[in-house]
Novice: 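Got a structure here, written out as structure tokens. Questions coming.
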Amino acid sequence: MLKGLFDLKRWTALIEVIPENYIPGFLMTLRTALAGLLLALILGVIFGLMSTSHNKILRAISRVYVEFFQNTPLALQVVFYYSCLPILLGGTGFRMPKFILGMMGVGIYHGAYISEVIRTGIEAVPRGQSEAAQSQGFSYLQTMAWIIFPQTLKIILPPLANQALNLVKNTSALALVAGMDLMYYTDSWATSRGYFAQAYFFSALLYFIMCYPLARLARYLEIKAIRQPVAKASLRKEIEEAVS
Amino acid sequence: MADFVKIEHLSKNFGDFEALKDIDLTVKEGEKLVIIGPSGSGKSTLIRCMNYLEEPTSGTVTIEGEVLSRKNRRELAKKYSAMVFQQFNLYPHLTVLENLILAPMKLQHVSRKDAVAEAMKCLKRVGLEEKAYMYPNQLSGGQQQRVAIARALCTRQKLILFDEPTSALDPEMVQEVLNVMIELAKDNITMVVVTHEMGFARQVADRVIFLHRGQIIEEGTPEHFFTNPENDRTKEFLSKIIH
């Protein structure tokens with residue numbers, strides 16, 4: 001076993017397949033993750049806002065979405081989109097492009113988690129804030145935009161960065177449906193050559209390169225969220241100008 | 001003086017609990033009305049109905065001839081009223097100055113420069129102009145409440161609602177807030193104040209109402225209240241809070 005790990009021949013073989021296997025896989029994972037994150041954020045904001053609304057039906061819809069996608073495995077969801085969705089859509093033999101499939105998979109799944117992050121973030125802002133806004137005559141959207149959301153943002157940024165990190169890792173579920181992502185290329189080269197240690201170590205390194213900055217970002221945002229600003233010096237000049 | 005706020009047959013229930021029972025009350029323009037009463041008597045609910053933070057179960061609140069409704073509550077709030085809360089409710093992500101200029105700029109569409117100039121005047125009135133560029137969390141409770149009063153002032157509303165403005169303050173900060181309110185009372189602003197500060201009521205109020213279990217059971221001038229209240233419940237309450 002250990003002999004195989006330090007076998008130079010195997011490492012040379014790995015280096016040879018980097019351009020044709022690992023780079024396309026890495027790029028596919030990156031693209032899927034970015035598009036998936038965008039979709040997850042859009043869904044998360046929509047359903048997160050719905051879950052804090054006064055309308056019972058909107059809250060119920062949001063609840064069903066969150067509970068359904070949080071309580072079933074991502075791998076199952078991805079396989080469902082790959083094999084069952086085309087049949088439900090008429091069975092024309094149409095296969096979704098892998099990129100779209102991946103985006104949907106992680107996007108919808110993490111959208112449910114992000115929706116919860118946003119809901120808790122909004123609920124963490126004291127009720128008095130929206131009452132003060134309402135007493136001044138701000139509408140719901142104005143209150144959200146200028147008073148609630150800026151405060152929510154500070155609270156939700158660290159868990160959002162964590163969600164982004166998990167989303168990158170979870171793109172690996174695409175390998176199950178030949179998603180052309182990093183995990184898929186890793187698996188296929190590993191099994192075809194039998195150089196498992198090399199294949200997975202290198203793959204892990206590539207995932208790490210994508211995820212570690214996000215982990216650092218989450219930590220940075222966490223520290224930043226705790227720090228309270230003291231004053232805004234830039235206002236001084238403006239005040240002098242306005243008063244004079 | 002013209003009627004400014006007219007409350008007719010106002011009731012408010014929270015589930016089975018009747019917080020307000022068939023209240024009739026008129027506040028004249030420029031009047032300083034103080035609402036007193038034991039905890040749970042409906043004081044806060046009553047004042048919160050005046051800007052529709054609470055939706056009446058039945059009855060109406062009319063402001064300058066317009067009946068408050070879910071539909072026009074924001075329009076009317078924008079036009080007529082401001083509120084000062086027990087918990088201050090300053091916007092913590094904004095500086096003191098930004099707290100004051102947000103509504104004038106976004107709702108009354110005042111230019112930023114004019115809004116800043118007006119805000120500084122209001123801050124001067126509450127004695128806090130040097131704190132303009134600070135964030136609320138840097139201020140003491142009393143200072144935060146004075147900022148909240150300045151925020152209510154700088155949209156130039158005719159009606160300011162004070163919902164127990166000194167109840168959340170440390171004792172040594174109560175007076176600085178009351179002083180600001182006493183100063184304010186010299187203007188022609190209509191003030192409705194829920195408070196336990198009897199000294200303030202005596203000094204400032206044109207009229208005091210005593211609320212008990214959702215009903216106004218006594219009403220009169222401060223002199224009447226503090227020299228010969230008629231209702232036994234009022235006497236009992238006053239004897240407990242005046243030392």
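Naming: A, B, ... by sequence-line order, numbering from 1 per chain. Keep in mind that the numbers below use all heavy atoms, side chains included, and drop hydrogens, waters and symmetry copies.
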Novice: Only one of R73(B), K12(B), R70(B) passes salt bridge (Lys or Arg N to Asp or Glu O under 4.0 Å) with E55(B); say which it is.
Specialist: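 It is R70(B), the one option of R73(B), K12(B), R70(B) that forms the salt bridge (Lys or Arg N to Asp or Glu O under 4.0 Å) with E55(B).
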Novice: Which residue out of R151(B), K121(B), E75(B), K79(B) racks up the most heavy-atom pairs below 4.5 Å with chain A?
Specialist: R151(B)
Novice: Can you confirm whether or not the ring centre of F202(A) sits under 6.0 Å from the ring centre of Y22(A)?
Specialist: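 Between Y22(A) and F202(A), which both carry aromatic rings, the centre distance is below 6.0 Å.
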Novice: Q87(B), M120(B), K106(B): which one forms the most heavy-atom pairs within less than 4.5 Å of chain A?
Specialist: K106(B)
Novice: Is the distance between the ring centroids of F208(A) and Y212(A) under 6.0 Å?
Specialist: yes
Novice: Check for me whether R31(A) meets the cation-pi criterion with F99(A), that is, NZ or CZ under 6.0 Å from the six-membered ring centre and within 45 degrees of the ring axis.
Specialist: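 Ring-cation test returns yes.
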Novice: Picking from K113(B), M83(B), Q157(B), which has the most non-hydrogen pairs under 4.5 angstrom with chain A?
Specialist: K113(B)
Novice: Assess whether a salt bridge exists between R48(B) and E131(A), defined as any Lys/Arg side-chain N lying under 4.0 Å from an Asp/Glu carboxylate O.
Specialist: yes
Novice: Is it the side chain or the backbone of E118(B) that comes within 4.5 Å of chain A heavy atoms, both, or neither?
Specialist: neither
Novice: Could you have a look at I239(A), V230(A), L235(A), V243(A) and say which one has the most heavy-atom pairs with chain B under 4.5 angstrom?
Specialist: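 Of the candidates given, the most pairs with chain B belong to V230(A).
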Novice: Under a 4.5 Å heavy-atom cut-off, does chain A meet the side chain of F85(B), its backbone, both or neither?
Specialist: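 Contact with chain A: side chain only.
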Novice: What residue in T155(B), L107(B), V116(B) has the most heavy-atom pairs under 4.5 Å with chain A?
Specialist: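 The candidate making the most pairs under 4.5 Å is L107(B).
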Novice: Would R59(A) and F47(A) count as a cation-pi pair here, with the cationic atom under 6.0 angstrom from the ring centre and within 45° of the axis?
Specialist: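 No; the conditions do not both hold, so R59(A) does not lie above the ring face of F47(A).
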Novice: Tell me, out of Q142(A), K154(A), E238(A), Q228(A), who's got the most heavy-atom pairs with chain B below 4.5 Å.
Specialist: E238(A)
Novice: Side chains of V117(A) and Y113(A): closer than 4.5 Å at any heavy-atom pair?
Specialist: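 No - every pair of side-chain heavy atoms lies 4.5 Å or more apart.
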Novice: Sort out for me which of N51(B), T95(B), V96(B) touches chain A most, counting heavy-atom pairs under 4.5 Å.
Specialist: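 That would be T95(B).
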Novice: Less than 4.5 Å to any heavy atom of chain A: does that hold for the side chain of L161(B), its backbone, both, or neither?
Specialist: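 Neither part; nothing is under 4.5 Å.
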Novice: Checking heavy atoms, do the side chain of Y52(B), its backbone, both or neither come under 4.5 Å from chain A?
Specialist: backbone
Novice: Got a salt bridge between E241(A) and K237(A), using NZ or NE/NH1/NH2 to carboxylate O under 4.0 Å?
Specialist: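 Salt bridge flag = yes for K237(A) with E241(A).
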